[in-house]
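First up is the structure itself, then whatever we jot down about it.
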Amino acid sequence: MPNRIGIGFDAHQLSQGRALVLGGVEVPHLLGLSGHSDGDVVTHAIIDALLGAAALGDIGTRFPADDPTVPEGVSSLALLTRTVGLLAGAGWQVVNVDATICAQRPRLTEHITAMRS
């Protein structure tokens with residue numbers, strides 16, 4: 001099967017009273033990212049890239065907020081696991097993923113290794 005490349009992008013509003021989750025890792029910060037799920041923009045962008053590469057839609061159509069299998073606050077890593085299952089069901093597999101995080105703060109250096117895993 002040929003290789004395909006997808007590009008994903010995601011942005012959420014900063015909110016008080018929410019954990020900041022990036023790449024599946026809770027990062028200590030005063031603000032978190034709003035959203036129906038945990039708001040993890042890194043994982044959401046990866047999900048969109050994977051779905052796009054396989055021509056399987058996007059995160060919003062695959063995991064809408066009104067879907068009872070997508071409870072409020074769901075871990076984006078759980079959605080990523082479901083995405084990999086969708087890819088496998090369509091005959092695709094993930095070979096490599098890269099992500100860039102654009103943020104003024106907090107500093108993420110000490111969290112990158114955990115995000116990679």
Side-chain angles (χ1 to χ4, degrees):
M1 183 165 280
N3 288 332
R4 287 194 178 179
I5 297 171
I7 297 172
F9 178 87
D10 196 43
H12 288 240
Q13 186 172 8
L14 286 167
S15 300
Q16 291 187 2
R18 300 264 315 198
L20 177 61
V21 180
L22 296 171
V25 175
E26 190 168 324
V27 177
H29 193 58
L30 297 174
L31 301 172
L33 294 166
S34 63
H36 180 76
S37 68
D38 59 11
D40 183 346
V41 294
V42 176
T43 303
H44 291 187
I46 291 169
I47 290 169
D48 270 339
L50 295 173
L51 290 171
L56 294 174
D58 64 20
I59 192 170
T61 57
R62 286 291 174 170
F63 308 111
D66 61 355
D67 181 339
T69 69
V70 183
E72 180 130 9
V74 65
S75 166
S76 296
L77 292 180
L79 299 179
L80 180 59
T81 298
R82 288 175 59 181
T83 299
V84 172
L86 289 169
L87 293 171
W92 295 102
Q93 68 178 20
V94 179
V95 176
N96 190 44
V97 172
D98 185 39
T100 300
I101 302 169
C102 299
Q104 293 177 332
R105 58 184 177 260
R107 292 195 48 85
L108 300 174
T109 304
E110 66 187 70
H111 306 286
I112 298 299
T113 299
M115 289 180 199
R116 283 188 180 130
S117 67

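Atom CG of Asp98 is separated from atom CZ of Arg116 by 9.0 Å, given to the nearest 0.5 angstrom. The CG atom of Leu56 sits 9.0 Å away from the CH2 atom of Trp92 when rounded to the nearest 0.5 Å.
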Using side-chain contact (heavy atoms from CB on, under 4.5 Å), reason through Thr43 and Leu79 one step at a time and then give a plain yes or no. CA-CA 9 Å; Thr43 303; Leu79 299 179; over 6 Å; no

For Asp67 and His36, run side-chain contact (heavy atoms from CB on, under 4.5 Å): C-alpha distance rounded to whole Å, both residues' side-chain angles, the deciding distance at 0.1 Å, then the answer. CA-CA 11 Å; Asp67 181 339; His36 180 76; over 6 Å; no

Going through the distances and angles, do His111 and Ile101 end up as a side-chain contact (heavy atoms from CB on, under 4.5 Å)? CA-CA 12 Å; His111 306 286; Ile101 302 169; over 6 Å; no

Please walk me through it: do Leu20 and Glu26 pass side-chain contact (heavy atoms from CB on, under 4.5 Å)? CA-CA 6 Å; Leu20 177 61; Glu26 190 168 324; over 6 Å; no

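Between Val94 and Leu87, the closest heavy-atom pair is CG2-CD1, 3.7 Å. Of all heavy-atom pairs between Ser117 and Ala114, the closest is OG-O, 2.8 Å. Between Pro64 and Val70 the shortest heavy-atom distance is O-CB, 3.8 Å. The two residues Val42 and Gly23 make their nearest non-hydrogen contact at CB-N, 3.5 Å. Across all non-hydrogen atoms, the minimal contact from Ser34 to Ser15 is CB-OG, 3.1 Å.
Using a distance-only test at 3.5 Å, with no hydrogens or angles considered, a donor-acceptor pair links the side chain of Asp48 to the main chain of Ile59.
With a 6.0 Å radius and a threshold of 12 heavy atoms from other residues, nucleotides or ligands, Arg4 has its CZ atom above the threshold.
Side-chain contact between His44 and Ser37 is present, with at least one heavy-atom pair separated by less than 4.5 Å. Within the 4.5 Å cutoff, the side chain of Leu22 has no heavy atoms near those of the His29 side chain. At a threshold of 4.5 Å between non-hydrogen side-chain atoms, the residues Thr83 and Arg62 do not count as touching. Contact check for Gln13 versus Leu33: no side-chain heavy atoms found under the 4.5 Å cut-off.
In terms of hydrophobic clustering, with Ile, Leu, Val, Met, Phe, Trp and Tyr side chains grouped at heavy-atom distances under 4.5 Å, Leu80 and Val21 are assigned to different clusters.
Under the side chain to side chain donor-acceptor pair (under 3.5 Å) rule, Ser76 has a single partner from Asp40, Thr81, Asp38, which is Asp38.
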